[in-house]
Amino acid sequence: MDLHDLIRAEAPVAERQGALTEPVLTALVDHGVHRRIAPKRYGGAELGLPEWNREVQELSRADASTGWTAMTTTISSSLAWYLPVEAADEVFGDPRALIAGTAAPLGKAVEADGGYRVTGRWGWGSAVSYSSWVIGGTLTPVGPRLAVYPRADVTIHDTWHAAGLRATSSHEFSLENAFLPLRRAVWPIGVTPGIEGPITVFPYFSFLAVGVASVCLGVARRAIDEIEALAVEKTPQYARARLAEQTGVQLEVALMEARLSAAAAFLHEALSTAWEHAVNSEQAPEPVRARLRLACSFAAGEATDVAQKAFAAGGGTSVFEESALQRCLRDVHVAAQHAVVSRRLLETYSMLKLGLSPDMTRF
């Protein structure tokens with residue numbers, strides 16, 4: 001079975017159990033989805049980010065939770081470029097191993113012989129329960145670090161009872177006095193990477209924004225697919241014409257397509273520009289980074305509105321569990337709540353354009 005067909009078929013089961021099914025997890029690993037932007041040394045494809053953006057959209061079109069899981073594990077695998085080679089060999093040597101986690105520096109480290117002892121608790125641990133290694137942002141005596149811990153050190157807490165993205169298993173997780181060797185802690189800004197490549201030149205904190213926006217676009221595309229299919233079949237109660245024959249629905253479908261296509265094109269253009277700088281070993285200028293983040297936030301907002309309109313156009317049919325429209329509505333709203341695509345980031349773009357010197361450290 002085609003990967004996307006398998007994902008669609010398994011999505012209702014994953015939704016009910018709150019975790020991706022074993023056939024889908026196995027297929028994602030078999031296809032190397034979790035290593036699409038990782039170095040070839042570790043079984044990665046070293047895919048360019050514009051191509052990866054399109055892949056995440058298509059996976060999310062099949063199912064949002066699967067697309068989100070693929071997106072987060074792929075981004076986590078990018079750490080293979082930054083870690084010292086010795087540590088990267090340890091973590092990424094098995095090409096089938098998944099890695100996931102949270103970058104927020106909520107771990108507290110104290111010095112120990114050869115490294116640190118770390119205690120902390122993190123939220124939003126998407127795919128941590130599936131992973132062999134776990135990233136936990138950690139505040140060390142020398143500053144914040146992205147630190148990697150073996151899954152055996154991690155305790156998962158059953159906290160992910162959310163409106164959408166239910167199968168991402170984004171539970172909280174914690175560590176208690178876990179040992180962290182120095183080699184498995186790195187900060188991806190201003191460091192000499194273990195392996196050089198365009199990924200290490202691309203603005204690191206934009207990875208996740210691009211990924212979240214791509215998931216949102218894919219979910220909204222699925223919503224359009226669903227309302228188009230429903231409109232051909234459904235004649236609403238007390239109506240004489242199918243939805244497809246009603247002028248109001250025709251206008252909505254056209255506008256949904258225009259808005260989503262425009263948002264996707266804007267993101268692709270802004271991402272391609274930033275990626276071209278990375279390929280040329282150039283740091284992206286502030287206006288390029290700000291425009292990319294504007295495109296990410298805009299894409300998430302437009303995708304949310306499109307999914308809402310598709311849901312509304314479906315009428316009563318949309319509210320039932322067997323309708324993918326209700327799942328699209330819930331999933332895209334949860335995805336778009338992520339801070340990296342917040343509408344607040346629109347202010348940063350405008351401040352830069354208007355000469356107000358915004359903080360760009362995480363752009």
Side-chain angles (χ1 to χ4, degrees), residues 18-20 22 25-26 28-29 34-35 38-39 41-44 68-162 167-189 191 193-194 204 207-208:
L20 298 189
E22 192 58 42
L25 281 171
T26 299
L28 292 175
V29 173
H34 61 307
R35 298 281 175 99
R41 177 186 178 98
Y42 305 114
W68 185 274
T69 300
M71 179 270 292
T72 56
T73 54
T74 305
I75 289 175
S76 296
S77 75
S78 71
L79 206 60
W81 295 92
Y82 297 93
L83 286 169
V85 172
E86 176 191 6
D89 285 350
E90 178 185 12
V91 174
F92 296 98
D94 177 2
R96 297 185 64 84
L98 293 174
I99 180 171
T102 302
L106 301 177
K108 300 297 184 289
V110 295
E111 292 183 349
D113 187 23
Y116 307 101
R117 287 284 172 182
V118 180
T119 297
R121 181 161 175 155
W122 296 259
W124 308 95
S126 304
V128 166
S129 58
Y130 315 138
S131 298
S132 302
W133 294 88
V134 178
I135 298 171
T138 300
L139 190 60
T140 75
V142 294
R145 294 291 184 268
L146 297 184
V148 184
Y149 304 90
R151 172 66 179 80
D153 287 354
V154 172
T155 299
I156 294 177
H157 306 275
D158 183 11
T159 56
W160 187 244
H161 305 287
T168 60
S169 297
S170 300
H171 303 291
E172 294 181 10
F173 63 96
S174 64
L175 296 166
E176 185 69 35
N177 198 35
F179 179 66
L180 172 66
L182 292 174
R183 68 179 181 277
R184 282 200 259 112
V186 68
W187 190 242
I189 308 298
V191 66
Y204 183 83
F207 280 155
L208 185 56

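Treat the numbers as computed from the prediction; the structure is a model and nothing was measured. Count residues from 1 along the sequence.
- When every heavy atom of Y42 is checked against every heavy atom of G93, the shortest pair comes out as CD2-N, 4.3 Å.
- When all heavy atoms are compared, the tightest approach of T69 to A127 is CG2-CB, 3.9 Å.
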Derivation of the side-chain contact (heavy atoms from CB on, under 4.5 Å) call for V142 and W187: CA-CA 10 Å; V142 294; W187 190 242; over 6 Å; no
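- Remark: L28 CG to L20 CG distance equals 7.0 Å, nearest 0.5 Å.
- In this structure a side-chain-to-backbone donor-acceptor pair under 3.5 Å is missing from T159 to H171.
- Atoms CG and CZ, on L79 and F92 in that order, are 5.5 Å from each other to the nearest 0.5 Å.
- Applying the salt bridge (Lys or Arg N to Asp or Glu O under 4.0 Å) rule to pairs touching residues 129-151 yields nothing, sequence neighbours excluded.
- Taking the six-membered ring where tryptophan is involved, the planes of W122 and Y149 are tilted, since the angle between them lies from 30° to 60°.
- Looking at M71 and L208, their side chains come closer than 4.5 Å, going by heavy atoms from C-beta outward.
- Here the side chains of W133 and S76 are not in contact, with every heavy-atom distance at 4.5 Å or above.
- No side-chain heavy atom of K108 sits less than 4.5 Å from a side-chain heavy atom of V110.
- Separating the CD1 atom in I99 from the CD1 atom in I75 is a distance of 12.5 Å, to the nearest 0.5 Å.
- Rounded to the nearest 0.5 angstrom, W68 CH2 and S170 OG are separated by 7.5 Å.
- Taking both residues in full, the closest heavy atoms of A185 and L83 are given as N-CD2, 4.4 Å, listed atom of the first, atom of the second, then distance.
- A distance of 7.0 Å separates CG of L98 from CG of L25, quoted to the nearest 0.5 Å.
- For the pair V29/H34, a side-chain contact is recorded, criterion being any heavy-atom separation below 4.5 Å from C-beta on.
- Residue-environment remark: CH2 (W160) exceeds the threshold of 12 foreign heavy atoms within 6.0 Å.
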Side chain to side chain donor-acceptor pair (under 3.5 Å) between Y130 and S169, worked out: CA-CA 9 Å; Y130 315 138; S169 297; 3.1 Å; yes
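- Sorted by first and then second residue, the pairs that involve residues 110-132 and meet salt bridge (Lys or Arg N to Asp or Glu O under 4.0 Å), not counting sequence neighbours, are R121-E172.
- When all heavy atoms are compared, the tightest approach of V85 to G194 is CG2-O, 3.6 Å.
- The two atoms that bring P150 and R184 nearest to each other are CD-NH1, 3.7 Å, heavy atoms only.
- Within the 4.5 Å cutoff, no side-chain heavy atoms of P188 are placed close to those of W81.
- Looking only at distances, no side-chain donor or acceptor of T138 sits under 3.5 Å from a matching main-chain atom of G107.
- Partners of R41 under the salt bridge (charged side-chain N to carboxylate O under 4.0 Å, His left out) rule, at least two apart in sequence or in another chain, are D89.
- For the residue pair V118 and A109, the shortest heavy atom distance occurs at CG2-CB, 3.9 Å.
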Verdict with reasoning, L175 to V154, per side-chain contact (heavy atoms from CB on, under 4.5 Å): CA-CA 5 Å; L175 296 166; V154 172; 3.6 Å; yes
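- In this structure a side-chain-to-backbone donor-acceptor pair under 3.5 Å is missing from R183 to G115.
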